[in-house]
Amino acid sequence: MPHDHDHDHDHDFDGASPAYRRALIAVIVLNGGLFGVEMTAGAMAGSRALQADALDFAADALTYGISLWAIGRPLALRARVAQLKGLSLALMALAILGLAIRDMMAPGVPEASVMGAVGFAALAANVASVLILMHWKDGDSNVRSVWLCSRNDAIGNVAVMGAAVMVAWLGSGWPDLVVAVAMAGLFLSSSVQILKRAAQERAHAH
């Protein structure tokens, strides 16, 4: 993919390049499509980990759309947008955590074959997203949050496939719930990173 400018070492890159906009649109389409696939498959298979990953896709598609809107706008506004994304990531993590804890009271056994197949398809889409965005992984809090979300998705898909193997091997739903809780922890960690960077940028903007 051609790049308008070399931003590899520019940690303040705000996303204002046509190549980055095109990359972001491609990733929004990928994430939106995978949300529908994973949410449906998660409900059919009874997999909390798949549903957690589907929520991640939905949140990413939404936040990437917000990121696209924020490109080229003042630093203070971009930082506020990043803070909203950080907070939404934290809320999503808490929701997943709550659902997983509720399921722990009476864990079912999800369909491991569906988990594995859908997890693999989602991983392929996420690896594509990560490769598309790799050139812009360092930038302002808005750009950085896009990279972190894509990276989280890829990690989550590997974890879902691992859970599918363990569910099939053990005949238990616990690996599915453990992965869902671990993904919630990853989302919280990313949320803190995004919020800290956005706070620094808001301070610099004043």
Side-chain angles (χ1 to χ4, degrees), residues 26-64 85-134 137 145-194:
V27 173
I28 289 168
V29 171
L30 274 172
N31 277 268
L34 264 295
F35 161 68
V37 170
E38 272 203 317
M39 188 55 81
T40 303
M44 289 172 58
S47 169
R48 193 61 70 199
L50 267 184
Q51 289 177 316
D53 207 39
L55 280 177
D56 196 21
F57 273 120
D60 288 352
L62 179 62
T63 56
Y64 295 163
K85 288 193 286 185
L87 289 171
S88 68
L89 203 54
L91 288 173
M92 186 172 66
L94 293 173
I96 292 166
L97 201 56
L99 289 171
I101 290 170
R102 187 195 69 181
D103 286 357
M104 285 175 188
M105 307 304 171
V109 181
E111 291 287 338
S113 57
V114 176
M115 285 178 68
V118 176
F120 183 79
L123 177 63
N126 272 321
V127 168
S129 296
V130 168
L131 290 175
I132 289 168
L133 295 169
M134 180 76 79
K137 66 186 178 68
S145 67
V146 168
W147 164 253
L148 284 172
C149 286
S150 296
R151 187 205 64 182
N152 286 356
D153 280 351
I155 293 170
N157 296 143
V158 171
V160 167
M161 291 193 302
V165 171
M166 295 302 291
V167 164
W169 186 37
L170 299 174
S172 165
W174 279 100
D176 182 64
L177 296 177
V178 168
V179 165
V181 170
M183 288 171 67
L186 183 65
F187 300 160
L188 281 174
S189 171
S190 295
S191 169
V192 170
Q193 287 186 56
I194 293 166

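What you see is a predicted model, and the numbers here were worked out from it, not measured in a lab. One is the number of the first residue; the rest follow in order along the sequence.
Not a single side chain to side chain donor-acceptor pair (under 3.5 Å) links S191 to another residue, sequence neighbours left out. Under the side-chain contact (heavy atoms from CB on, under 4.5 Å) criterion, A184 pairs with A93, I96, L97, not counting sequence neighbours. Applying the side-chain contact (heavy atoms from CB on, under 4.5 Å) criterion to L94, with sequence neighbours excluded, gives no partner residue. Taking D60 as the reference, nothing meets the side chain to side chain donor-acceptor pair (under 3.5 Å) condition, with sequence neighbours excluded.
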Name the atoms and distances for all side-chain donor-acceptor pairs under 3.5 Å in residues 99-115, with sequence neighbours left out.
{"from": "D103", "atom 1": "OD1", "to": "R48", "atom 2": "NH2", "distance (Å)": "3.3"}
{"from": "D103", "atom 1": "OD2", "to": "R48", "atom 2": "NE", "distance (Å)": "2.6"}
{"from": "D103", "atom 1": "OD2", "to": "R48", "atom 2": "NH2", "distance (Å)": "2.9"}

Show the atom names and distances, to 0.1 Å, of all donor-acceptor pairs under 3.5 Å that link a side chain in residues 121-132 to residues at least two apart or in another chain.
{"from": "N126", "atom 1": "ND2", "to": "A122", "atom 2": "O", "distance (Å)": "3.4"}
{"from": "N126", "atom 1": "ND2", "to": "D153", "atom 2": "O", "distance (Å)": "3.4"}
{"from": "N126", "atom 1": "ND2", "to": "N157", "atom 2": "OD1", "distance (Å)": "2.3"}
{"from": "S129", "atom 1": "OG", "to": "A125", "atom 2": "O", "distance (Å)": "3.1"}

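Scanning both residues, V167 and S172, for their nearest heavy atoms gives CG2-O, 3.4 Å. For the residue pair G116 and A164, the shortest heavy atom distance occurs at N-CB, 3.6 Å.
The line from CG of D56 to CG of L89 is 7.0 Å long, rounded to the nearest 0.5 Å. E38 CD to S47 OG: the interatomic distance, rounded to the nearest 0.5 Å, is 8.5 Å. To the nearest 0.5 Å, atom CZ of residue F35 and atom CG of residue D53 are 11.5 Å apart. The CE atom of M92 sits 12.5 Å away from atom NZ of K85, with the distance rounded to the nearest 0.5 Å.
Between M39 and Q51 the shortest side-chain heavy-atom distance falls below 4.5 Å.
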